[in-house]
Amino acid sequence: MLHATMQTRYYQHRTRQTQKLSFFCICSGRMYFQSNNSVLLAEAGDCVLLKPHCRNDFLYADERQCSYYEFILTGNMLDEFLRIYNLEQVFGLKLNDEKFFRKLFERMKPPADVKPVSSIFPELTGVAFELLQRISSAVQFQTRSSSVDEIRDFLEQRIKEKISMTAVAGKFNIDIHDMNRNFQEAFGVTPYQYLKRFRLRKAGEMLRAGMLVKETSAAVGYRNVKTFSTEFRRFYGMPPLNCRKRRFGK
């Protein structure tokens, strides 16, 4: 059990350890976490689970100091506990209850010096189960695979190119159905829909900046101006020429 306040940049990488489950409870400030391919930014009131069998990294690099509690559970029953408490797929949770963790920490400070340690096993076990029960009833917040952000950046950087979503899935070594599902969970649309909307938003910016319709169409990846104009009208409710005229007040 640990309570710490970080005031300078800090990074720690934890190797895959099969018998350690760590709970980070953020009191103030912010901390970045990565567990395998999932990443998140945890703030005050958030709890992060760094689980067994995973590559876990955390980084404090903010301008504000970060204060947190960390509870580490060990043992060969951790996988079973995660299953029982439905925490197998959980990475981040909203708790908003620092007092609970402060009291838990204070309860365990005196017994920490007791010897032999075996004499306080019942108390330690009780605290562990209390912690698991509280966390299992908290609200999980949405996390997403880092590959989703990489795919989004990849698409945005190739706005002029003709892109096959099957090829994109292959590049990132993911099944196209999984890619579509993960992307939709993160952004509310499929990669194809996201790219189309991104192109049309950029087209609107270009036209308002004074670019000609034909030039804009080519700049955002449309080979056919008529197709571009049709999709632009559906998206904005006006033809691209009208958008450009507004720029000049005509």
Side-chain angles (χ1 to χ4, degrees), residues 1-74 78 82 87-106 108-109 112 131-132 134-136 138-158 168 171-174 179 182-183 185-188 191 194 198:
M1 302 177 65
L2 169 71
H3 178 251
T5 299
M6 312 302 301
Q7 297 181 346
T8 57
R9 291 178 180 271
Y10 178 80
Y11 169 77
Q12 186 176 132
H13 165 64
R14 293 186 176 175
T15 55
R16 296 174 183 267
Q17 297 176 330
T18 58
Q19 295 187 348
K20 285 188 178 180
L21 171 64
S22 180
F23 299 88
F24 272 85
C25 309
I26 308 298
C27 305
S28 64
R30 307 189 299 180
M31 186 82 78
Y32 294 87
F33 291 87
Q34 176 170 348
S35 183
N36 286 345
N37 291 326
S38 294
V39 293
L40 63 82
L41 171 60
E43 301 178 305
D46 294 342
C47 179
V48 177
L49 280 67
L50 302 183
K51 289 175 284 191
H53 317 297
C54 296
R55 170 184 171 173
N56 297 308
D57 304 289
F58 53 96
L59 167 70
Y60 165 73
D62 203 1
E63 69 280 1
R64 298 170 292 174
Q65 68 180 24
C66 179
S67 175
Y68 64 87
Y69 291 100
E70 182 183 11
F71 298 82
I72 300 176
L73 305 186
T74 64
L78 291 178
L82 289 170
L87 297 173
E88 292 173 297
Q89 305 301 320
V90 174
F91 183 21
L93 301 138
K94 285 288 185 185
L95 295 172
N96 298 315
D97 192 2
E98 180 191 343
K99 291 182 180 179
F100 167 77
F101 295 101
R102 187 188 305 125
K103 290 178 180 177
L104 205 64
F105 187 78
E106 292 298 326
M108 297 314 302
K109 284 177 69 175
L131 181 63
L132 285 166
R134 176 59 64 96
I135 288 174
S136 67
V139 177
Q140 181 181 1
F141 59 80
Q142 183 68 37
T143 62
R144 64 186 185 225
S145 168
S146 59
S147 65
V148 172
D149 292 322
E150 292 172 1
I151 293 170
R152 177 200 59 195
D153 294 342
F154 178 83
L155 295 175
E156 291 183 357
Q157 291 164 10
R158 287 158 179 80
V168 173
K171 175 178 175 58
F172 289 91
N173 196 29
I174 183 173
M179 181 181 76
N182 295 343
F183 207 92
E185 287 176 355
F187 300 110
Y194 181 92
F198 182 75

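The shown structure was predicted, so the numbers you read here are calculated from the model rather than taken from an experiment. Numbers for residues simply follow the sequence, beginning at 1.
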Between the CG atom in D149 and the CZ atom in F154, the distance rounded to the nearest 0.5 Å is 15.0 Å
Please examine the side chains of F33 and L59, heavy atoms only from C-beta on, and report whether any two atoms are closer than 4.5 Å. no
Distance (rounded to the nearest 0.5 Å) between I26 CD1 and F24 CZ: 7.5 Å
Only counting residues at least two apart or in another chain, list the ones meeting side chain to side chain contact (heavy atoms under 4.5 Å, CB included) with Q157. D153
Residue pair V48 / F58, side-chain heavy-atom distance below 4.5 Å: no
Once rounded to the nearest 0.5 Å, what's the spacing between atom CG of L78 and atom CG of L132? 8.5 Å
Min side-chain heavy-atom separation L155-P191 under 4.5 Å: yes
State plainly whether the residues K94 and D46 are in salt-bridge range, i.e. N to O under 4.0 Å. yes
Can you find a heavy atom in the side chain of I72 that is under 4.5 Å from one in the side chain of L2? no
Report yes or no: do Y68 and E70 form a side-chain donor-acceptor pair below 3.5 Å? no
Decide side chain to side chain contact (heavy atoms under 4.5 Å, CB included) for R14 and K20; before the verdict, give the C-alpha distance in whole Å, the side-chain angles of both, and the deciding distance to 0.1 Å. CA-CA 10 Å; R14 293 186 176 175; K20 285 188 178 180; over 6 Å; no
First locate atom CG of L131, then atom CG of L21, and finally report the distance between them rounded to the nearest 0.5 Å. 8.5 Å
d(C25 SG, H3 NE2) to nearest 0.5 Å is 10.5 Å
With side chain to side chain contact (heavy atoms under 4.5 Å, CB included) as the criterion, how do S22 and N56 come out once you've worked through the C-alpha distance, each side chain's angles and the decisive distance to 0.1 Å? CA-CA 10 Å; S22 180; N56 297 308; over 6 Å; no
In Å, rounded to the nearest 0.5 Å, how long is the span from CD of Q7 to SG of C66? 11.0 Å
Any donor and acceptor pair, going by atom type alone, linking the side chain of K51 with main-chain N or O of V90 inside 3.5 Å? yes
Tell me whether Y60 contacts the main-chain N or O of Q65 through its side chain, where contact means a donor paired with an acceptor under 3.5 Å. yes
Between F100 and R134, is a side chain to side chain contact (heavy atoms under 4.5 Å, CB included) present by the stated rule, with each step listed? CA-CA 9 Å; F100 167 77; R134 176 59 64 96; 3.5 Å; yes
Go through it in stages, so that I can follow the logic: the residues are N182 and I151, the test is side chain to side chain contact (heavy atoms under 4.5 Å, CB included), and I'd like the CA-CA distance, side-chain angles, deciding distance and then a yes or no. CA-CA 11 Å; N182 295 343; I151 293 170; over 6 Å; no
Flag the pair Q34 / Y32 as yes when at least one side-chain heavy-atom distance between them is below 4.5 Å, and no otherwise. no
For S28 and A44 the tightest heavy-atom approach is CA-CB, 4.0 Å
For L40 and A42, which heavy atoms make the closest approach, and how far apart are they? CD1-N, 3.6 Å
